[in-house]
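Note that this is a predicted model, so its numbers are computed, not measured. Heavy-atom basis, side chains included; hydrogens, waters and symmetry copies ignored. Below, chains carry the letters A, B, ... as their sequence lines are ordered, and counting in each starts from 1.
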Number of protein chains: 2
Amino acid sequence: MENQMPTCPVETTLLLISNRWKVLIIRELLTGTKRFGELKKSIGHISQKVLTSNLRDMEANGLVKRDVFAEVPPHVEYSLTELGMSLKPILDAMYVWGENFKNKQ
Amino acid sequence: MENQMPTCPVETTLLLISNRWKVLIIRELLTGTKRFGELKKSIGHISQKVLTSNLRDMEANGLVKRDVFAEVPPHVEYSLTELGMSLKPILDAMYVWGENFKNKQ
DNA sequence: CTGTATCCTTTGGGATACTG
DNA sequence: CAGTATCCCAAAGGATACAG
């Protein structure tokens, strides 16, 4: 889908966050800025490679900001841009629905 | 992700609708009951196999109802269950966000 | 600590042919 | 019309090793 023109706004949104990890990354960053290692730990079972590549995508799409501190050892902080934060209503709706679903199981 | 226990409601929701097609299928069914062929045509570029398998998943998860009419030629109607319809707020949020995103491009 | 590189496996999806 | 069956491909993801 990455190379296709979205035909509607829903598809536009899907293009940017519909994979296994991006929504979870956004959820973590909604609680505030996090270092790479913190992010990896808080998400849990994500691999380094996958976390990096998703962060790169999201940075390219303007959802995430990456700040590199010129230190040794390296120190990198990730945070949501305004655009990234504007995804919160979607996450909230997903949270509400997921909770309701679990109660019906 | 299909075999993993979701650790939070957001992940529960992701489990059920985070792929390339399910959200689009739901969007179509939110406008009302549709036959298999109508659904395929309105989504556009989806293959028969993929549409079928996604519908089967969604039926198993209680999002979609499948009604088979004993006719020749076959006649099958798909509609959202109440649970499926309850996803509407998520779709709405995705629509709003996608529109906003496009305006900023 | 925060990556990149490489290789491999799994999954989703596409194309085509065929069927009740 | 609404599928199923088969084969194939591409993309996502996992594991591991290595680097600045």
Between B:Trp21 and C:dG13, is there a side-chain N or O to OP1/OP2 distance below 4.0 Å? yes
Rounded off to whole Å, could you give me the [atom1]-to-[atom2] distance for the [X] and [N] pair?
X       : N      : atom1 : atom2 : result
A:Glu71 : C:dC1  : CD    : C1'   : 10 Å
A:Leu15 : D:dA11 : CG    : C1'   : 14 Å
B:His45 : C:dG12 : NE2   : C1'   : 14 Å
A:Asn19 : C:dT10 : CG    : C1'   : 15 Å
A:Arg20 : D:dA12 : CZ    : P     : 13 Å
A:Leu14 : C:dG12 : CG    : P     : 16 Å
B:Asp67 : D:dA2  : CG    : P     : 13 Å

Check whether any side-chain heavy atom of A:Leu24 sits under 4.5 Å from a side-chain heavy atom of A:Arg27, and report yes or no. yes
Does any residue of residues 25-44 of chain A have a heavy atom under 4.0 Å from DNA chain C, and if so, which ones, in number order? A:Arg35, A:Phe36, A:Gly37
Ignoring hydrogens and geometry, is there a side-chain-to-backbone donor-acceptor pair from [X] to [Y] under 3.5 Å?
X       : Y       : answer
B:Ser79 : B:Thr33 : no
B:Glu99 : B:Val96 : no
A:Asn61 : A:Leu63 : no

What residues in residues 49-65 of chain B put a non-hydrogen atom under 4.0 Å from any atom of DNA chain D? B:Lys49, B:Thr52, B:Arg56
Between protein and nucleotides 18-20 of chain C, what N or O pairs are separated by less than 3.5 Å?
none

Quick one: the dot-bracket string of DNA chain D, using Watson-Crick and G-U wobble pairs with both distances under 3.5 Å, [ ] for crossing pairs and | for bases paired to another strand. ||||||||||||||||||||
With a 6.0 Å cut-off (strictly less than), is the heavy-atom count around NZ of A:Lys102, excluding the residue itself, greater than 12? yes
A:Lys88: which residues meet the salt bridge (Lys or Arg N to Asp or Glu O under 4.0 Å) condition with it, sequence neighbours left out? A:Asp92
B:Lys65: what forms a salt bridge (Lys or Arg N to Asp or Glu O under 4.0 Å) with it, not counting sequence neighbours? B:Asp67
Out of B:Asn54, B:Leu55, B:Leu51, B:Ile26, which residue meets the side chain to side chain contact (heavy atoms under 4.5 Å, CB included) rule with B:Trp21? B:Asn54
Which residues pass the side chain to side chain donor-acceptor pair (under 3.5 Å) test with [X], not counting sequence neighbours?
X       : result
A:Ser42 : A:Glu28
B:Lys40 : none
A:Ser86 : B:Trp97

If you look at every strand shown and take non-hydrogen atoms under 4.0 Å, does B:Tyr78 touch a base, only sugar-phosphate, or nothing? sugar-phosphate
Could you work out, with side-chain contact (heavy atoms from CB on, under 4.5 Å) as the rule, every residue matching A:Asp57, not counting sequence neighbours? A:Lys22
For A:Ser53, which residues count as a side-chain contact (heavy atoms from CB on, under 4.5 Å) partner, sequence neighbours excluded? none
Throw together a table of side-chain donor-acceptor distances under 3.5 angstrom for residues 70-77 of chain A, partners on residues two or more places apart or in other chains.
from	atom 1	to	atom 2	distance (Å)
A:Glu71	OE1	A:His75	ND1	3.4
A:His75	NE2	A:Glu77	OE2	3.3

